[in-house]
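Residue numbering restarts at 1 for every chain, and letters A, B, ... go by the order of the sequence lines.
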There are 2 protein chains.
Amino acid sequence: MSELLQRKTALRTPVPATATPCPREFRGPAGPRAAREEDAEALNLVELFFFAYRDFVGDADRLLENYGFGRAHHRVLHFVHRRPGLPIAALLDILRITKQSLNRVLKQLLDADFVEARAGAVDRRQRLLYPTAQGARLARDLAALQSARFRRVLEELPPEARGAAAAFLFAMIDADERDRVRGHLQRSELGAERR
Amino acid sequence: MSELLQRKTALRTPVPATATPCPREFRGPAGPRAAREEDAEALNLVELFFFAYRDFVGDADRLLENYGFGRAHHRVLHFVHRRPGLPIAALLDILRITKQSLNRVLKQLLDADFVEARAGAVDRRQRLLYPTAQGARLARDLAALQSARFRRVLEELPPEARGAAAAFLFAMIDADERDRVRGHLQRSELGAERR
DNA sequence: ATCTATATGTCAGCTATATTGACATATTTC
DNA sequence: GAAATATGTCAATATAGCTGACATATAGAT
């Protein structure tokens with residue numbers, strides 16, 4: 001999984017110097033000293049998050065180039081590999097892009113035989129997506145590259161901080177999304193119901 | 001700071017089913033049981049990182065829309081705000097984009113009076129970038145939005161995990177980049193030289 | 001003083017990835 | 001049979017990146 005980040009289209013018209021200021025609750029730091037320091041700490045995290053993600057996605061980019069694929073292909077391949085039998089609608093929901101955007105990329109993956117689609121057994125309107133053998137291989141290679149970075153990080157970190165990484169990332173997810181995400185994770189401490 | 005993530009252009013030609021397989025050291029899990037479980041854990045982190053980042057950048061997108069700016073503007077504005085007097089070359093180095101790409105976005109920020117450029121005092125070839133008053137206001141508003149997420153997360157996390165978040169993100173950064181990043185952080189436990 | 005290197009700007013064309021809107025088809029459900 | 005659903009497709013557009021070529025101003029070196 002690489003960039004996995006979609007573009008949000010901006011409005012056409014750059015707003016001149018008269019743009020409406022933003023509501024009070026969005027305003028920057030103006031409180032007392034302690035709040036300011038908290039803000040400085042959180043600000044550093046914002047920036048660290050950017051750099052960490054930038055380097056993280058860089059790993060996969062180099063491998064993807066060999067196949068002529070981009071980050072969009074990576075995203076699709078990753079989730080199809082992780083959730084074999086995924087219907088189109090579920091994929092759209094995960095990626096939060098339009099079906100038109102997905103279709104171009106998905107068609108390339110289907111044509112190049114990295115992903116295949118079978119009609120759903122229960123609902124034949126659905127096209128369930130599966131990785132092909134070589135699709136699965138590439139997905140694994142990409143995932144191995146990226147999880148190598150995490151493994152290195154976990155080693156660098158003091159033992160008591162290791163579990164915290166997953167908890168931290170999980171807490172960063174929108175609250176109303178967490179259940180769905182948790183359901184997809186493979187038996188980890190966050191996966192919970194490990195029957 | 002929002003997406004802050006650049007696109008890596010893919011090669012033109014989608015590779016057919018005959019693509020060269022990737023070298024052995026990139027291969028997926030094939031080792032013994034323990035290694036597999038480590039992999040599963042790291043795989044979950046890969047996915048969590050995606051979802052966390054996806055939601056994280058979503059916060060700023062909504063605000064940026066009001067101004068007709070996109071993520072590229074956010075990145076520029078953020079770093080200009082964070083490092084006032086930043087020369088063009090330094091900005092290019094942080095963002096890792098070409099000057100042509102930067103210029104389109106930067107020009108819009110200059111025209112809309114969110115950023116201003118002054119000739120360098122020591123080297124007059126340089127254009128040093130500063131936020132204007134309204135540029136600084138927007139940058140603060142955006143940063144406040146995003147650091148609010150971090151503050152919420154830090155509250156949700158058990159106290160002993162709080163410091164771990166910054167350490168984790170920092171460890172995720174390429175080793176040869178860390179010094180430079182550290183130099184920019186504002187007096188935090190990672191900032192080190194707090195003279 | 002001139003030559004060269006550096007910092008930056010700009011033009012032109014291309015690519016990847018997203019968007020919206022409209023419409024088509026197959027299948028399921030009521 | 002009608003309506004709703006899952007998906008595909010065509011067309012136009014926007015954002016944000018890229019390469020390559022060339023222009024200008026300033027700095028530094030000989």
Side-chain angles (χ1 to χ4, degrees), chain A residues 2-14 54 57-58 61 64-65 67-77 85-93 95-111 115 117-129, chain B residues 2-14 54 57-58 61 64-65 67-77 85-93 95-111 115 117-129:
Chain A
S2 178
E3 109 130 350
L4 290 169
L5 241 248
Q6 304 87 40
R7 198 148 319 93
K8 267 290 162 51
T9 350
L11 298 182
R12 308 102 241 145
T13 47
R54 182 193 65 174
V57 301
D61 286 336
L64 285 163
E65 274 180 21
Y67 293 83
F69 290 142
R71 290 174 183 176
H73 304 87
H74 187 187
R75 287 195 282 270
V76 171
L77 184 59
L86 191 71
I88 301 280
L91 186 51
L92 289 175
D93 194 54
L95 299 177
R96 292 192 183 160
I97 57 175
T98 58
K99 64 179 171 176
Q100 295 91 326
S101 294
L102 172 60
N103 232 277
R104 181 181 30 83
V105 167
L106 179 57
K107 193 159 11 181
Q108 289 170 4
L109 285 169
L110 290 166
D111 288 350
V115 169
R118 309 176 202 154
V122 20
D123 183 341
R124 290 181 39 80
R125 287 171 305 180
Q126 287 188 322
R127 294 178 75 209
L128 308 184
L129 303 174
Chain B
S2 175
E3 111 132 347
L4 290 170
L5 241 247
Q6 303 88 38
R7 197 147 318 92
K8 266 289 163 49
T9 351
L11 298 183
R12 306 104 240 145
T13 47
R54 182 194 64 175
V57 301
D61 286 336
L64 285 163
E65 273 180 21
Y67 293 83
F69 290 142
R71 291 175 183 175
H73 304 87
H74 186 186
R75 287 195 281 272
V76 171
L77 185 58
L86 192 70
I88 301 282
L91 186 51
L92 290 175
D93 194 55
L95 299 178
R96 292 192 185 159
I97 57 174
T98 58
K99 64 180 172 176
Q100 296 92 326
S101 294
L102 172 59
N103 232 277
R104 182 173 29 78
V105 168
L106 179 57
K107 195 162 6 184
Q108 289 170 7
L109 286 169
L110 290 165
D111 289 350
V115 168
R118 308 176 202 155
V122 20
D123 184 340
R124 289 183 40 80
R125 288 172 304 180
Q126 288 187 323
R127 294 178 73 209
L128 307 184
L129 303 174

Nearest-0.5 Å distance that lies between atom CD in B/Gln108 and atom CG in B/Asn103: 10.5 Å

Detail all sub-3.5 Å separations between protein N/O atoms and N/O atoms belonging to nucleotides 24-27 of chain D.
unit_1: D/dT26; atom_1: O2; unit_2: B/Arg125; atom_2: NH1; d: 3.4
unit_1: D/dA27; atom_1: OP1; unit_2: B/Arg124; atom_2: N; d: 3.0

Distance, rounded to the nearest Å, where A/Arg118 contributes CZ and C/dT27 contributes P: 18 Å

Closest to the B/Ile88 side chain, choosing from C/dT8, D/dA16, C/dT19: C/dT8

CG-CZ distance between B/Leu128 and B/Arg118, expressed to the nearest 0.5 angstrom: 8.5 Å

Interatomic distance, A/Arg104 atom CZ to A/Leu109 atom CG [nearest 0.5 angstrom]: 11.0 Å

Spacing between A/Asp61 atom CG and C/dT17 atom C1', to the nearest angstrom: 14 Å

Protein-nucleotide distance (B/Ile97, atom CD1; C/dT15, atom P), rounded to Å: 20 Å

Residue whose closest nucleotide on DNA chain C lies nearer the 5' end, A/Val105 versus B/Leu110: B/Leu110

B/Gln126 side-chain proximity, nearest of C/dT8, C/dT19, D/dA16: C/dT8

Under 4.0 angstrom between A/Thr98 side-chain N/O and C/dT19 OP1 or OP2: yes

Distance-minimising heavy-atom pair for A/Leu64 and A/Gly70: CD1-O, 3.8 Å

Partners passing side-chain contact (heavy atoms from CB on, under 4.5 Å) against A/Ala90 (at least two apart in sequence or in another chain): A/Leu86, A/Pro87

For A/Arg125, salt bridge (charged side-chain N to carboxylate O under 4.0 Å, His left out) partners two or more places apart: A/Asp123

Rounded distance [0.5 Å steps], CG in B/Asp61 versus CZ in B/Arg71: 4.0 Å

Qualifying residues under salt bridge (charged side-chain N to carboxylate O under 4.0 Å, His left out), relative to A/Arg124, sequence neighbours excluded: none

Euclidean distance, atom CG of residue B/Leu86 to atom C1' of C/dT8 [Å, nearest integer]: 14 Å

Quiz item: B/Arg71 side-chain donor-acceptor pair to D/dG17 base, under 3.5 Å: no

Protein-nucleotide distance (B/Leu102, atom CG; D/dT19, atom C1'), rounded to Å: 16 Å

side-chain contact (heavy atoms from CB on, under 4.5 Å) partners of A/Ile88, counting only residues at least two apart: A/Leu92, A/Leu102, A/Leu106, A/Arg127, A/Leu129

Out of C/dT8, D/dG17, D/dA6, whichever nucleotide has its closest atom nearest the side chain of B/Arg75: D/dG17

Spacing of B/Arg104 atom CZ relative to C/dA12 atom P, expressed in whole Å: 15 Å

Show me the protein contacts with nucleotides 9-12 of chain D, counting only N or O atoms at under 3.5 Å.
unit_1: D/dT9; atom_1: OP2; unit_2: A/Lys107; atom_2: NZ; d: 3.4

B/Ser101 vs D/dC18: side-chain N/O to OP1/OP2 distance below 4.0 Å: yes

